[in-house]
Amino acid sequence: MSRPVAPSLPLSADALNFRPSAIRALSALLNDPGVISFAGGAPNPQTFPDEILASHAARAIREGKVSSLQYGPTAGQKRLRELVAGIARDRGIAAAVENVMITTGSQQALSLVSHVLLDPGDVVLVELPTYVGGTGAFYGRRAALEGVAQDDDGIVPESLDEVSGRLAAEGRRVKFLYTIPNFQNPSGRLMSRARREEVYAIARRRGFAILEDDPYGELAFEQGLPTAPIKTLDSDGIVIYLGSFSKILAPSLRCGWIAADPLLLRAVETAKEAADLCSGMLDQAIVASLIESGELAPQVERVRSFYRDRRDTLMEALGEHFGGRASWTRSSGGLFTFLTLADGRDTGELLPRAIDAGVAYVPGAPFFVDGRGRETMRLTFAKEPDDRMRDGVARLARVLF
Ligand SMILES: Cc1ncc(COP(=O)(O)O)c(C=O)c1O
């Protein structure tokens, strides 16, 4: 934890409660070409539609500079909000433009929603494991994080009911459940339809909201998977749904969005005004122009097929080298698989040896708010080409077994 800058500038309690991301701390390693990296969570640059973006960027500047180079509405460019409402409806969410707000990546949505909903000591329920950018935002509001169990079908309803019931009996206020039902970061899991219904029913009965984070839902590798958001069940307005263009277009666009109740969005908009006035209007103009041109759907298809092939390679290599010695998720979408060593050894302690052998992964413990997960690791199939992935898995197996 960083220390106060000077005695005359003591940091706030919130600042002292922020926790640096254990994963970003590994980032220096990830750019070392000598290390085969299954760490990191960034999309592969080969999936970026650079030429398409360049032409929309030129158009947005040349034809629309009055809006694309100027400050704009805090809630987002109107045309993009309309287009995003259309995307939300395509996902089965009943959304009009007043239900949609644009944010500077979905990470900002996590931060802003935390700001408007959390007081110090409020409880946020999180999946075990969960995304560290989510927990980072909640810790920054001094929330208390409580874990709920997951299995291969997603959140275990009995665990959610038991944990939220116990907290209520202790008089502690659960504000919301944070969940990533589609191809979760870090586990790669997809929550089943039945579990989504049960999770929604428990939240409704016990009186807490659901913060549903869905940056990976479009990256489904098979037809007919149950990716329809929990938000589609939301007859009571208790689900705050987050989307993002980072994984299907490019993260530098910093273009995320919220679909939620307009009253909540009003509070979020005021918080956003204080944070950054508005998200980048040029980014928004580029994204709006690209969607209007009809180029989003083919782009998503290309990205899916790119990662599907990479996933196949990693699964095959793990089967060859790790069979019987570890278990891992057979991810049906997204960027990650999550691996558990059968012998229970600590992957954090093993990492320096792996790096010496030229291969990196993310140890799983930081993804667990209850201190467990030492025998787990997150592996991404996004970064390395097939031959390096095969080589990397073989090297890892030599280090581990
Ligand atoms: C689950 C999850 N939520 C949110 C984000 C942040 O994405 P964005 O680029 O939209 O801010 C990420 C990024 O990796 C993520 O994995």
Side-chain angles (χ1 to χ4, degrees), residues 21-27 30 37-45 47-48 76 80 84 87 100-114 124 126-140 145 150 154-155 176-191 210-219 227 229-231 240-259 268 272 275-276 279-280 283-284 286-287 303 307 329 331 333-338 362 364 366-369 378-383:
S21 158
I23 285 113
R24 286 189 89 84
L26 284 172
S27 61
L30 310 183
S37 182
F38 297 111
N44 192 306
T47 66
F48 300 158
L80 181 59
V84 165
I87 290 175
V100 170
M101 193 177 140
I102 307 299
T103 55
T104 304
S106 53
Q107 188 63 40
Q108 185 187 41
L110 291 169
S111 171
L112 295 175
V113 168
S114 300
V124 178
V126 299
E127 294 160 332
L128 292 169
T130 190
Y131 168 57
V132 290
T135 53
F138 313 142
Y139 281 129
L145 273 51
Q150 267 192 101
I155 288 177
F176 56 80
L177 163 73
Y178 173 59
T179 178
I180 308 156
N182 289 329
F183 319 122
Q184 198 224 28
N185 179 5
S187 73
R189 287 178 181 132
L190 174 66
M191 199 186 297
I210 297 176
L211 179 56
E212 179 176 26
D213 192 5
D214 191 17
Y216 303 104
E218 299 270 21
L219 302 184
T227 55
I230 299 175
K231 181 72 180 161
I240 303 155
Y241 177 84
L242 310 185
S244 172
F245 292 99
S246 288
K247 306 302 192 298
I248 50 176
L249 290 178
S252 77
L253 294 164
R254 305 312 298 130
C255 221
W257 49 278
I258 311 178
V268 176
K272 181 170 165 60
D276 65 358
S279 297
D283 294 331
Q284 294 180 65
I286 293 169
V287 174
V303 180
Y307 290 126
T329 31
S331 319
L335 305 181
F336 307 106
T337 184
F338 204 64
V362 181
F367 300 108
F368 289 80
V369 296
R378 188 188 72 178
L379 301 172
T380 183
F381 39 84
K383 181 165 187 285

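Order of appearance sets the numbers: ligands from 1, and atoms from 1 within every ligand. Atom set for the values below is all heavy atoms of this structure, side chains included, hydrogens, waters and symmetry mates excluded.
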Give me the nearest non-hydrogen protein atom to [atom] as residue plus atom name, then the distance to 0.1 Å.
{"atom": "atom 9 (O) of ligand 1", "result": "S246 OG, 2.6 Å"}
{"atom": "atom 16 (O) of ligand 1", "result": "Y216 OH, 2.6 Å"}
{"atom": "atom 7 (O) of ligand 1", "result": "S106 OG, 3.3 Å"}

So, do F245 and I102 sit near enough that their side-chain heavy atoms are less than 4.5 Å apart?
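Contact flag for F245/I102 side chains = no.
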
Do the side chains of S246 and R254 get nearer than 4.5 Å, heavy atoms only?
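Yes; the side chains approach each other to less than 4.5 Å.
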
Under a 4.0 angstrom heavy-atom cut-off, which atoms of ligand 1 come close to [X]?
{"X": "S244", "value": "8 (P), 10 (O)"}
{"X": "I180", "value": "1 (C)"}
{"X": "P215", "value": "1 (C), 2 (C), 3 (N), 15 (C)"}

If every non-hydrogen atom of V362 is compared with every non-hydrogen atom of G40, which pair is closest and at what distance?
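Minimum heavy-atom contact is CG2-N, 3.8 Å.
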
Identify the two heavy atoms, one from P43 and one from K247, that lie closest to each other, and give their separation to 0.1 Å.
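It is CG-CD, 3.9 Å.
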
Any atom of ligand 1 sitting under 4.0 Å from a heavy atom of F245?
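Checking ligand 1 against F245, which is what was asked, there is no heavy-atom contact under 4.0 Å.
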
[options]: member with heavy atom nearest to [atom]:
{"atom": "atom 14 (O) of ligand 1", "options": "K247, Q108, Q107, R254", "result": "K247"}
{"atom": "atom 15 (C) of ligand 1", "options": "Y131, Y178, F183", "result": "Y131"}
{"atom": "atom 1 (C) of ligand 1", "options": "L335, T103, D213", "result": "D213"}

Sort out for me which residue in F338, F38, F336 forms a side chain to side chain contact (heavy atoms under 4.5 Å, CB included) with L379.
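Of F338, F38, F336, side chain to side chain contact (heavy atoms under 4.5 Å, CB included) with L379 is met by F38 alone.
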
Name the residue from T227, I248, L335 that meets the side chain to side chain contact (heavy atoms under 4.5 Å, CB included) definition with Y216.
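Of T227, I248, L335, side chain to side chain contact (heavy atoms under 4.5 Å, CB included) with Y216 is met by L335 alone.
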
Report yes if the distance between the aromatic ring centroids of F138 and F176 is under 6.0 Å, otherwise no.
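Yes, the ring centres sit under 6.0 Å apart.
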
